[in-house]
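I have placed the structure first, in the form of structure tokens, so that the comments after it can refer back to it.
Along the sequence shown, residues are numbered consecutively beginning with 1.
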Amino acid sequence: MMKLNSFLAVAALAASASTAFAADLPSTKEPVVAPAPVSPWDFDIGGGLTSNYIFRGITQSNGGPSVSAHGELRYNLDPTWQFYVGVSGESIKFSPSYYPAGSPEMELDGDAGVRGTFDKWSFDLGGIVYGYPDTPTGVHGWAQPTYLGTYVPTVIGLTPRNDTWGEVYFKPAYAMNDWLTLGANFFFTPSYINTGASAEYLSGTVKVTFPFNLSFSGEVGYQWFNNKVDSVYTGGFGNTGYIYTACGPLCGINNYSTGTLPDYLYWNAGFSYAWKFVTLDLRYYGTNLTETSAYQLTGIPNNAYVGTNTSHYANNAIVGTISFDLTGKDIK
């Protein structure tokens with residue numbers, strides 16, 4: 001019995017010693033490397049050049065080219081939720097060159113919101129402010145040209161107040177499969193272009209993805225207005241110190257003469273080709289606005305001659321755009 005106990009003690013001692021020695025030997029296995037932490041922060045930057053900057057069927061660049069740039073900071077809470085805040089700028093030209101007061105040269109926008117992704121469903125909920133820091137505002141004087149026999153404003157193109165305004169939006173989408181996505185857009189503003197007229201915009205969208213990075217997309221929407229503009233926009237020639245049109249009531253329809261803006265249908269459709277982070281887009285834009293109703297909506301006539309009450313600012317157009325877009329993972 002004593003011999004057995006002695007043997008077990010020696011065996012235990014030998015086992016413990018071998019274990020200690022083994023711990024001191026270098027391992028032949030690769031060390032376990034902890035995965036690198038993934039930052040929840042991301043960003044998106046981009047810019048572009050377009051032959052005609054169009055917003056819901058209305059040119060913002062007097063039918064000419066426009067350059068743009070944007071940036072967005074994103075926070076990915078998890079694979080489902082993303083919060084964002086962004087800023088963008090576009091070159092614009094609201095009014096023709098015969099407007100002595102000129103036009104804002106830049107649109108400066110800011111937006112923020114949350115995006116969610118649930119399998120094939122996704123949505124974007126947020127708000128946007130369209131800013132025009134250099135809007136020509138003020139009170140004009142009067143002059144009486146002999147060939148008209150009546151008083152006309154000495155400065156044309158002034159607005160009663162800055163055009164800056166904002167909207168809230170909700171944009172859901174559903175990926176039917178790998179090549180077809182359907183979506184919708186809803187926007188609401190309490191004061192369209194800061195005129196005091198509340199408005200909604202509702203549209204449906206479709207995107208079809210083809211091989212070789214080619215895609216087709218389109219949108220059909222309706223813009224409508226709920227109430228009249230503020231009275232400061234309806235005074236006309238003799239009642240206020242403001243005028244935004246080239247001829248006012250002498251044209252038969254002065255700017256916002258009835259205080260009611262025309263509802264209208266809007267659509268666009270086109271093809272896009274993506275190569276790495278660059279996209280080429282060719283698109284057709286259209287509305288059902290006549291040139292008379294376009295003048296009532298924009299207050300910008302085709303020319304400066306008395307008797308003009310039409311505007312080409314809502315004419316149908318084919319627009320070409322080249323743009324680039326980069327996210328954080330694209331430049332790592």
Phe216 ring center within less than 6.0 Å of Phe210 ring center: no
Answer yes if the side chains of Tyr284 and Asn316 hold a donor-acceptor pair under 3.5 Å, and no otherwise. yes
Compare all side-chain heavy atoms of Tyr273 with those of Asn213 and state whether any distance is below 4.5 angstrom. yes
Would Tyr130 and Phe55 count as a close aromatic pair, with their ring centres under 6.0 Å? yes
Is it true that Arg161 and Asp230 make a salt bridge, defined as a side-chain N closer than 4.0 Å to a carboxylate O? yes
Looking only at non-hydrogen atoms, find the nearest pair between Ile54 and Ala317 and report the distance. CD1-CB, 4.0 Å
Results of ring pair (Phe, Tyr, Trp, His ring centres under 6.0 Å) for Tyr53 - residues two or more places apart only: none
For the pair Arg74 and Asp44, find out whether any cationic side-chain nitrogen is under 4.0 Å from an anionic carboxylate oxygen. yes
What pairs of donor and acceptor atoms, side-chain ones from residues 170-177 against any protein atom, are under 3.5 angstrom apart with sequence neighbours left out?
from	atom 1	to	atom 2	distance (Å)
Asn177	OD1	Trp179	N	3.0
Asn177	OD1	Trp179	NE1	3.3
Asn177	OD1	Leu180	N	2.9

Can you check side chain to side chain donor-acceptor pair (under 3.5 Å) on Asp134 and Tyr132, steps first, answer last? CA-CA 6 Å; Asp134 56 345; Tyr132 308 96; over 6 Å; no
Side chains of residues 82-92: which donor-acceptor pairs under 3.5 Å do they make with residues two or more places apart or in other chains?
from	atom 1	to	atom 2	distance (Å)
Gln82	OE1	Arg115	NH1	2.7
Gln82	NE2	Asn76	OD1	2.9
Tyr84	OH	Asp124	OD1	2.5
Tyr84	OH	Asp124	OD2	3.4
Tyr84	OH	Tyr169	OH	2.6
Ser88	OG	Glu90	OE2	3.3
Ser91	OG	Ser66	OG	3.3
Ser91	OG	Val67	N	3.0

Rounded to the nearest 0.5 Å, how far apart are CE of Met106 and OG of Ser68? 10.5 Å
Classify the ring geometry of Tyr201 against Phe187: parallel below 30°, tilted from 30° to 60°, perpendicular beyond 60°. tilted
Result of checking Glu167, Glu219, Glu200 against Arg56 for salt bridge (charged side-chain N to carboxylate O under 4.0 Å, His left out): Glu167
Close side-chain approach of Thr205 and Asn185, heavy atoms under 4.5 Å: yes
